[in-house]
Each structure stands twice: as structure tokens, then as C-alpha cells.
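What you see below is based on every heavy atom in this structure, not just the backbone, and it leaves out hydrogens, waters and symmetry mates.
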Number of protein chains: 2
Amino acid sequence: MHGTARKPIDALLLRLGQHDKLSDSERQVLQAAFGPPESLTRGQDLISEGDEPEGSTLILEGMSFRYRTLEDGRRQIVSLHIPGDFVDLHSFMLKRMDHSVGALSDCTISRVSHDTLRAVTEDYPHLTRLLWLMTLVDNAIVREWLVGIGRRSATERMAHLICELQLRLRAVERNGENGFELPVTQADLGDMLGLSLVHTNRVLRYLREQRLVLWEGQRVRVLDRPGLERLAGFDDTYLHRVRRPR
Amino acid sequence: MHGTARKPIDALLLRLGQHDKLSDSERQVLQAAFGPPESLTRGQDLISEGDEPEGSTLILEGMSFRYRTLEDGRRQIVSLHIPGDFVDLHSFMLKRMDHSVGALSDCTISRVSHDTLRAVTEDYPHLTRLLWLMTLVDNAIVREWLVGIGRRSATERMAHLICELQLRLRAVERNGENGFELPVTQADLGDMLGLSLVHTNRVLRYLREQRLVLWEGQRVRVLDRPGLERLAGFDDTYLHRVRRPR
DNA sequence: CGAAGTCTTGAAGAGCTTCAATACGCGTGG
DNA sequence: CCACGCGTATTGAAGCTCTTCAAGACTTCG
């Protein structure tokens, strides 16, 4: 065997390809930029608040989440990552992490060093813009979460989250039939939505009783997507899934 | 008179200079990139949801805010802009606005066309990284707001917001003695913090009674900054105000 | 001076949290 | 194989934070 082994970056390519066309050389640059796949087990922290990582991490398979814990233990999850998402692309510029990242499920990841990223920004402006775009979509998602926690009811928020995740997973071809894997406890869900564990449970019961969503262990089964979108007031423009020159 | 008139971009230069050193040529590129100052009156919308602006807008003086309104009229403000902040730098890549931007006070602004920004990304990688950084700090601030709305009490959130704004204004030399101008109604404040108008009023009364913060018309007077920080659990690392090579 | 916007306070009620107890599911070791 | 323990889910009940409704006062401005 010779040449570089194919690295399973396909989810990233799918995500980027959602927003703009990629040239072959850009694909090659990306393929070459990433290190070998690494494995992580559920519950492990990928990065901790205060760290200054020397590279950024891409999720190949599995899910991770960003969170911040206040002094007294209250925790807020501020985003979820699926295959093709960078866990900490922002650390390339921000340097110091202002939050932690944990593995939600067993994950395989791949790293790019910040040196390599810097080289990309020097030589590949279009690719740079696309990476920048990744962080901007991240941003749009966090804003949408903020709107939800600030102004939507607990039930609406939950419905919205499920709509969002299903769509994002579909975009990287990790969706199943009428549902998807979501390896979270109800406590985790509460920390995403700014809810207590108990109320999270009640919201889920309500969605079940309305025959909108069912949880089968770690799997979410969406029974009535249109109904769920109606309840959530879901509108996908904030995901910016439009292919156009950038 | 000849040559380009000096444009009052100084707040942007101050902000960028907070994070990294700028070369003279970079300063010149920036100065040249922006159009002439324009004036806006309080209450006007700078940009509306669904717009596809052809340029990005920088605040020279005054304040603006991003917000989203749900179908039934509930509104959430997702960020505040002060001099030196871009209102919609993300529209350069995202193209379509997924929220609106309004003027909080009378403002003077200046625009850069997206064509110019694109040219910058082609020729000035370091400057590009700094612009990218601007959007990443934006992002960090929104995350912090999310943590607040999700996990902090109304009072803590209010205190946190005031701490944040005072620090940001100081960084661009727009701070007064022991306070600052903040031309918002209590309804606006509520929409920032995810609170009702009535409760916002009660939170302000509490802070006044505790002799932490006083409102004198449109001016916020901070009586006890350390006390406020303690109450808020304020930690400024998320603002990333550290000068280092990027 | 009247009108519109904003601030302030009271009172009732909704949504969500906290405390508490029970049940369930799964892996481990006796 | 069963007992035990631990993490997770579920439900009831009480209570607190914040919202909503309502009304009055104050401010600004034509």
C-alpha cells in the first residue's frame, strides 16, 4: 500500500458541500490536514475550560457537547456536535477555552493542528472562508437556542431541539428512519434546555402523550414531524443550508 | 483638500488592538475599506430578518442590537453592539439574515462592501483571521448569555449584563466615571434577559436597594462594582481580552 | 393640556423547581 | 443464578420565581 490512507472526513465534506461547492484540491488539502482517527469513550472530556489546545478537533462519528459549569455546580450545555462538526474550531483564534467539551457517546475524532490551520488561512482563502462559515453557523445555532431559552416554553424548546437535530443529522447522512440516536440522559437534556430534570421528564411525557415523539432507550422516534414543527414554531433558515458561492 | 478623509474607525482599531498587534498597512487597509459615516436615528431597523445585505455595518458611535421576533410577538434580543462592533459581519458569509438589527440609540455607522471583505480575505490573511476573531468573540458572548438565561437567576443575569457592558465600553474608551450610557427601556432589558417587563423592574429595584446599581435616566451608575461582580459570578475570560499573536 | 410612552406597584396565577419516594434496568460479584 | 448497587426514569406534592393582569403616577412632547 502506498499514498495516504483515506481518512473518513466525509461528514465534514458533506457539511461544507451543503453551503458551497468544494474544488478537488480543497478536498485534498482537507484530507491531508487531519490526523489519524482517535477513539474516545462516552463521558470523557475532550477539552476543559482553561485549556489552550494546539489543534482543533473534528467529530467523525458520535456526538459531543460544549458546556459551562458555574461555581455552585449549575451546568448549561451550549451546543451539541454531530459528525462533521468541529468541537473547537474557535480555539484556533481564541486560544484559551472558555468552556469544556465532553463526549456524549463513544466518538471517533480527528485533529488538525493550529499550525496547519494557519497555513490554510495563508494559502487557501476560499477554504478559509468556508471554515469561518462553519463557526458562523455554530453561532446562528447558539442564537436560536438563546431565543428558545429566553422566549419559548419548555415544550416548544424540546420540540425545537428535536427538529434541529433531525435536520442536522440528515445533512450528514446520519439519520435513521423516522428518528435518530441521541445518547443523552434526561439530566443532559435539561442542561441543554435550561430545565430541571423533573420538568424535562414531564415535557417528554407530554410529547409522548401527544404522539409527537417517543424515546426508545437512546433512540428518538419522531412520530409526527409536521406536528412537532408546528409546536416548535420551527423554521430552518438559521441553519443556512443553501449552496451558493461564498 | 485632497486624499481620503480620516474615517473615525478608531473604536474598531482599539478592539482589534485588544486582541493582537496591527501593522500600519493593516490599519490603512481597514481605513480605506470603510465607506463614509452615516447617521441613524433611534428605533430604526438597520437590517431586517430575510435581508441579504451587500455589505457589513460597523458601529462608530451609539448602540444597536440583534433580535428575533416569534410569530406571536415574543421578542428576544440576542446581542448588543457598541462602537467598534460589527452589526452583521456574519452576513458576509451567511448572506441571508436570520434575525433583525435595530438602533438602540442614534448611531453613526460605516459600511464595508462584501466585495471589499472578500478582497481582504484574498490578500490579507492575518487581517482575515482578526475579522474571524471578531465573530468568534461575538459567539463567546452569546454563549455566555445562554448560560445566564439557562442557569442564572434574573438578578444574577442583570448584574452580569451590566458588568459585561461596562468592561466592553471601557475597552473602546466609551466609559464614563462609574457608569455608562445605556439608552434602553425596561422592556428592552427584559427582552435581553428573557424576562417580563414587570419582573425587570423589580430586579432593578432590588439592585438599587442593595446599593449596587442606580439608573439615572438613560445612564447606569455602578455604585459597587466588586459587589456586582460577586452577585453575578462575573469572570471576564469569555471576552478574550488578551493581546497575543493570532 | 392631552396623549403616548415609560415606570412603578399590587395581586393572582402559571410554569417550573425542589424535595422526596418509588420503580426500572443493567452489570458485577458472590 | 440471584442479590446488590448504581445510574436513570417516573410520579406526587409543596413552594418559589417569574408572568400576567390591572391600575396609577410620572415624563415628554406636540
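- Each of H90(A), R66(A), E49(A) was compared with M97(A) under the side chain to side chain contact (heavy atoms under 4.5 Å, CB included) criterion, and only H90(A) meets it.
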Reading 5' to 3' through nucleotides 8-26 of chain D, protein heavy-atom contacts under 4.0 Å coded B for base, S for sugar-phosphate only, - for none: SSBBBB----BBBB-----
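- Between E164(A) atom CD and L239(A) atom CG the span is 6.0 Å, to the nearest 0.5 Å.
- Environment of CD in E216(A): crowded, with over 12 heavy atoms of neighbouring residues, nucleotides or ligands closer than 6.0 Å.
- Side-chain contact annotation: D138(A) with T135(A), donor-acceptor N/O pair under 3.5 Å absent.
- Atom CD of E54(B) sits in a sparse spot, with 12 or fewer heavy atoms from other residues, nucleotides or ligands closer than 6.0 Å.
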